[in-house]
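In this chain, residues are counted from 1 in sequence order.
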Amino acid sequence: MPRAQWILVAGPYTSGSTDAAGRAANLRALNRAALALFRMGYVPVVGVNLALPIVEAAGAEAFPEIMLPLSLALTERCDACLRIGGRSRGADEEAERMRALGKPVYARLEDVPGPTLH
């Protein structure tokens, strides 16, 4: 059975935010992009959504140990990346890892082509 393409949504979570409200706004932006990709027929993946429940179980001090390593691991599994938002060292690392793997990185939702099944 063919599988839908998976797209990693990479963007700021902690970057540019000084408090919980800023992080929540960044997460909403990531999830809005993921929803748009889903409606286009893709399987969107947001690294923050994978990592946050594990960070919560481990405690906030485990954030650096868990967040970026899990997000970078997703680059191996995803077919492409949508890099959204402003400055973010972690999102830039995700995008660079995708490029190094020869996978496309899109800067705008409008640049993402229609999905193809593998």
Chi angles and distances behind the salt bridge (charged side-chain N to carboxylate O under 4.0 Å, His left out) call for Asp92, Arg87: CA-CA 8 Å; Asp92 289 343; Arg87 293 179 38 192; over 6 Å; no

Trace of the side chain to side chain contact (heavy atoms under 4.5 Å, CB included) decision for Arg83 with Ser88: CA-CA 10 Å; Arg83 171 60 170 94; Ser88 169; 3.9 Å; yes

Derivation and outcome, side chain to side chain contact (heavy atoms under 4.5 Å, CB included), residues Glu96 and Val105: CA-CA 9 Å; Glu96 281 307 310; Val105 176; over 6 Å; no

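Separation of atoms CZ (Arg97) and SG (Cys78) is listed at 12.5 Å; rounding is to 0.5 Å. Between atom CG of residue Leu68 and atom OG1 of residue Thr14 there is a gap of 10.0 Å, rounded to the nearest 0.5 Å. One finds the CG atom of Leu27 at 10.5 Å from the OG atom of Ser17 (value rounded to the nearest 0.5 Å). Distance OG/Ser71 to CG/Leu50: 7.0 Å, rounded to 0.5 Å. Rounding to the nearest 0.5 angstrom, the gap separating the CZ atom in Arg32 from the CD1 atom in Ile84 is 8.0 Å. Here Tyr42 contributes atom OH and Ile7 contributes atom CD1; the two are 4.5 Å apart, rounded to the nearest 0.5 Å.
Under the 4.5 Å side-chain heavy-atom criterion for ILVMFWY residues, a single connected hydrophobic cluster contains both Leu109 and Leu8. Hydrophobic clustering (side-chain heavy atoms under 4.5 Å, transitive across Ile, Leu, Val, Met, Phe, Trp, Tyr) keeps Leu70 apart from Leu72. Placement of Val48 and Leu37 within a single hydrophobic cluster is found when ILVMFWY residues are connected by side-chain heavy-atom separations under 4.5 Å, directly or transitively. Both Val45 and Val55 sit in one connected hydrophobic cluster of ILVMFWY residues. Membership requires side-chain heavy atoms under 4.5 Å apart, directly or through other members. Each of Leu101 and Leu82 belongs to its own hydrophobic cluster when Ile, Leu, Val, Met, Phe, Trp and Tyr are linked at side-chain heavy-atom distances under 4.5 angstrom.
Thr75 and Glu94 are not linked by any side-chain donor-acceptor pair at a separation below 3.5 angstrom, with hydrogens and angles left out of the test.
For the residue pair Asp111 and Ala107, the shortest heavy atom distance occurs at OD2-N, 4.3 Å. Of all non-hydrogen atoms in Ala34 and Val46, the two that sit nearest each other are CB-CG2, 3.9 Å. Nearest approach of Ala10 to Leu30, heavy atoms of both residues: C-CD2, 4.0 Å. In this structure, Gly11 and Ala91 approach most closely via the heavy-atom pair N-CB, 3.5 Å. Contact detail for Asn26 and Tyr13: the closest heavy-atom pair is ND2-O, 2.7 Å. The shortest heavy-atom contact between Pro113 and Met40 is O-CE, 4.0 Å.
Other residues, nucleotides and ligands place no more than 12 heavy atoms under 6.0 Å from the CZ atom of Arg89.
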